[in-house]
Amino acid sequence: MTFLVRRLLLAIPVILLVTIMVFSLMHMLPGDPATVILGQEATPEAVAALREELGLNRPILVQYFDWLGGVLQGDLGRSLVDRTPVAELIMQRFPATIELTIGTFIVAILIAVPAGIISATRPGKWVDYTSTMFALGGMSIPHFWLGMMFIVFFSVKLGWLPASGYVPLSQDPVANLAAMIMPMVATGLRESAVLMRMLRSSLLEVMHADYIRTAYSKGLKEWTVIMRHALKNALVPVVTTSGLIVAGLLSGLVITESIFSIPGFGRLIVESIFSRDFVTVQGAILVSALLVVAVNLFVDILYTIIDPRIKAGKGAE
Amino acid sequence: MNKKFRLGLTAVLAGSLLLAGCGGGDKPAANGGDNAPKTGGSLNIAINADPPKLDPSFSTALVERQVFQSLYDTLLELKPDGTLAGELAEKWEVSEDKKTYTFKLRQGVKFHDGTDFNAEAVKFNFERYMDKASTRRAELEAVENVSAVDANTVKVTLKKPFAPFLSVLADRAGMMVSPAAVKKYGEDFVNNPVGTGPFKFKERVKGDKLVLEKNPNYWQKGLPKLDSVTYKVINSSDVQLVNLKSGQVDIIDKFPDKEVDNVKNDPKIKVINELSYAFQGIHINVTKPPFDKKELRQAVDLLIDREAIVKVALHGTGAPAHSPFAKGHFAYGDSDKAPKPDLAKAKELLAKAGVPNGFSFTLTISTTPLNQQIGSLIQGMLKPAGIDVQLEKVEFGQMLEKGKAVNHQALMLGWSGRPDPDQNIYQFMKTKEPNNYTGYSNTKVDELLLAARTETDTTKRKGIYDEAMKILNDELPYIYTYHEANLLGFSKSVQGFEYVPDGLIRTANLSK
């Protein structure tokens, strides 16, 4: 428990540091937000008026603490572009990204785990070569290209799935799945390749351990040895990788979201960066940082369940 | 015979799409025969970016005008032939000294929120657009005073005659928004737009879509034909096209230029490929070396092969440019024809400027793939004369800042274009105007541009622009490269579309 508390407390400076970095980076960017928002048609007076209104002419430290004060009270501020509360913008975009992340991860696991086990238990055999080749392919094929190919094949040629158009899960689960299946598979394939390679090498290592030999010598069947003894121990690096993947997906689905026109979180961040809407960028990155911390925490908890030897908290006491 | 004629007519209708509606005016659309467009239903239109602000007062993005067409009516409207006609203003009179405009407003028009459209509302809108925070302010700077004579008459007094005035009222500065809604929503009006247009705002999911529904009280009888219109945000033109092909959307606002030829025989897709008012080119900083020497600007101008740019980078869509006015525009003149590349002459100019072996300069370009490609093409075109071009890629915001500060050597940036010539030249070439990114200043040009603003006779106006362009094409503070095409893609089941040169998709007459 102390381990968890310590991990939680440690997250606070990390998140603070992230906000400071984002804040200063956004302000270091060349290009004044007021100029970008008003565009080519702006008169100098209009730019000055907008800077004043947005509080951009105040010292950066004042702007930062002002924002931080709001955040502590649960107010992420309002978008510089259209004055919508940032929290509202994020909430609008989140369901799609969360769903896409979970779906992508499930696809990745469904492919990676069986493929990893099979190729690790048959090293050097054709199944191993096939799945290794598949993994290499999965890692090398750009998923935006794969996504486009999916659309051309399943939407344009066959007409089975919609090429774009997100429907919230709560509104119509079938239409939602129809819209999400292609992006999930396109991105999931790539992530599965990474996971599969990880699982294969980690399993191979474990398979040479003494306790596996012991298990075999007790006369246990291969299936039982792998499922009950080897897999659990091979999972630690896989869980680490999974954590990184999930954390990456949560804020990094920009390309997938663009190709399939899904109104997700990644696109929000990119769009806001381009329009210099740094209030939105700050809010979004803060939320994203919180999520990464949460995912990592979850991974740490998982460790202790998978491998009781990693009770880091206790070990340190 | 009669039946045959009808069949023939139907075929023409289906084939051209342009005839199915009669567009804009107060007459109902002419349709008949077995192929009469249905009313009701909904239509999906792909737009290439999320329109940030649904308020014409603060609008800066081109894509917003696409949506505004459905939400707002304008005082005047642009017709397919490029002329102006009344919309919310039924007719108007101009005083002898061309400084007072008296508008008679259409009666019985209501905003989406049920409030009346009247002279007070027009006055309110003018004043709102003239506020210093409004991006429309520059367009209406000629306006001195607006007064409501009676409920349906508005008098606008100008500081001095201003020829583009009416044309401005056919765009965002003439869009009428509900004063009651502005008061109710305050700064949140950008997310709760209320106009008098054929469709009213229903919902939006930022980054995804914008849903508009039929305005049942629309003042044009029988319009709109559709029950709803959904604008879907699809950034990539290639993705737009697959969505059009798969039937997810019915219209796309950016057809990928490289695909224009590939769909010529597609039975389901129709492409509109028309020259737009937009132009692209290079702002040359005339205040600093190397381009403070006119000969060097002329040499660069002479070396750029515009035909090649159009052919290679634009896949044959668009047209070479040598002025802000495209072919077909009334201000397009003789001096606007692009020169053929001439290496020998360019070398002569370099020698005359004292740099016979060439020179080098930095060309600032934005990071879009198209601009990078054109940047490289220009790099290659100038090389034979010994002109070494360094490409500096900057993001759009930085680009604008460099331009406004005239802190560059050469900067590649265009303009989306407006119907009135003044709006495409004045603010770029007149001394110290906000879009004068070149530092250029010429008293004669300033005089001509001012004169063109007050001249209402089209032929005389064209003469003035010809004269100005003659000077500008010799001095070359801005090197025009090409005019973009408006490339729209339609599913052939869409009927009632009529192309208007601003390239916007007017939805009132559309049906499916």
Side-chain angles (χ1 to χ4, degrees), chain A residues 29-33 35-50 52-53 78-79 81-84 88-89 92-93 96 144 147-148 151-152 154-166 168 257-265 267-268 271 273-277, chain B residues 44 46 49-50 52-55 58-62 131-139 141 186-188 190-191 205-209 230 232-236 238-249 394-404 413 415-416 427 433-435 437:
Chain A
L29 273 184
D32 170 40
T35 312
V36 177
I37 291 167
L38 293 177
Q40 257 174 295
E41 293 157 77
T43 55
E45 309 95 81
V47 174
L50 187 65
E52 173 90 43
E53 192 201 320
R78 277 171 171 261
S79 155
V81 175
D82 61 16
R83 316 303 289 151
T84 315
E88 198 182 306
L89 284 177
Q92 277 180 351
R93 301 294 188 102
F144 58 84
M148 280 299 261
I151 296 179
V152 168
F154 291 107
S155 304
V156 180
K157 286 259 185 304
L158 297 174
W160 289 355
L161 296 166
S164 73
Y166 172 70
E257 287 171 357
S258 297
I259 292 171
F260 293 95
S261 305
I262 297 165
F265 191 63
R267 261 172 78 199
L268 175 71
E271 283 162 17
I273 290 174
F274 278 119
S275 55
R276 287 288 186 285
D277 185 355
Chain B
N44 294 322
D50 199 10
K53 285 160 281 189
L54 300 178
D55 180 347
F58 302 111
S59 160
T60 50
L62 190 60
D131 184 81
K132 76 167 183 226
S134 166
T135 25
R136 304 279 76 77
R137 190 183 183 197
E139 291 156 30
E141 67 180 353
E187 69 175 16
D188 224 21
V190 288
N191 297 314
V205 179
K206 291 248 167 74
D208 180 30
K209 65 179 175 193
T230 301
K232 290 187 165 185
V233 182
I234 302 179
N235 312 93
S236 145
D238 291 318
V239 179
Q240 283 200 348
L241 180 58
V242 292
N243 276 274
L244 181 66
K245 281 185 172 168
S246 73
Q248 299 295 301
V249 298
V394 301
E395 175 276 337
F396 192 68
Q398 203 183 345
M399 185 106 172
L400 288 184
E401 280 204 337
K402 270 177 170 278
K404 285 187 199 278
L413 185 66
W415 176 244
S416 57
Q427 52 185 320
E433 279 297 307
N435 271 330
Y437 291 178

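Order of the sequence lines sets the chain letters (A, B, ...), proteins ahead of strands, with each chain counted from 1.
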Under the side chain to side chain donor-acceptor pair (under 3.5 Å) rule, collect the residues that match up with E401(B), sequence neighbours excluded.
none
Heavy-atom distances under 4.5 Å only: say whether I37(A) touches chain B with side chain, backbone, both or neither.
both
Applying a strict 4.5 Å limit to non-hydrogen atoms, the region of E139(B) in contact with chain A is side chain
Do you know which of K132(B), E187(B), M399(B) has the most heavy-atom pairs with chain A at a distance under 4.5 angstrom?
E187(B)
Heavy-atom distance under 4.5 Å to chain A: side chain of L54(B), backbone, both or neither?
neither
Does any heavy atom of chain B fall under 4.5 Å from the side chain of E53(A), the backbone, both, or neither of them?
side chain
Within a strict 4.5 Å, meaning less than it, do heavy atoms of the R93(A) and V205(B) side chains meet?
no
Pair count under 4.5 Å, heavy atoms only, with chain B: among S258(A), A49(A), S261(A), highest is S261(A)
Chain B contact via V156(A) - which portion, at a heavy-atom distance below 4.5 Å:
both
Looking at S246(B) and S155(A), what are the two nearest heavy atoms and their distance?
CB-O, 3.6 Å
V242(B) side chain near V152(A) side chain, heavy-atom distance below 4.5 Å
yes
Checking heavy atoms, do the side chain of I151(A), its backbone, both or neither come under 4.5 Å from chain B?
side chain
Counting N and O atoms only, with roles assigned by atom type, does the side chain of R267(A) sit under 3.5 Å from a partner on the main chain of G207(B), one being a donor and the other an acceptor?
yes
Taking every heavy-atom pair that is under 4.5 Å apart, which of N191(B), N235(B), T135(B), I234(B) has the most such pairs with chain A?
N191(B)
Answer with side chain, backbone, both or neither: which region of F58(B) has an atom nearer than 4.5 Å to a non-hydrogen atom of chain A?
neither
Answer key: most heavy-atom pairs under 4.5 Å with chain A among K209(B), K53(B), K245(B) is K53(B)
Considering only heavy atoms from C-beta outward, does the side chain of K206(B) approach that of E271(A) to under 4.5 Å?
no
Tell me yes or no: between the side chains of K404(B) and T35(A), is some donor less than 3.5 Å from an acceptor?
no
Okay, D238(B) and chain A: the region with an atom under 4.5 Å from a heavy atom over there is both
Relative to chain B, which segment of F260(A) carries a heavy atom at a distance below 4.5 Å: side chain, backbone, both, or neither?
neither
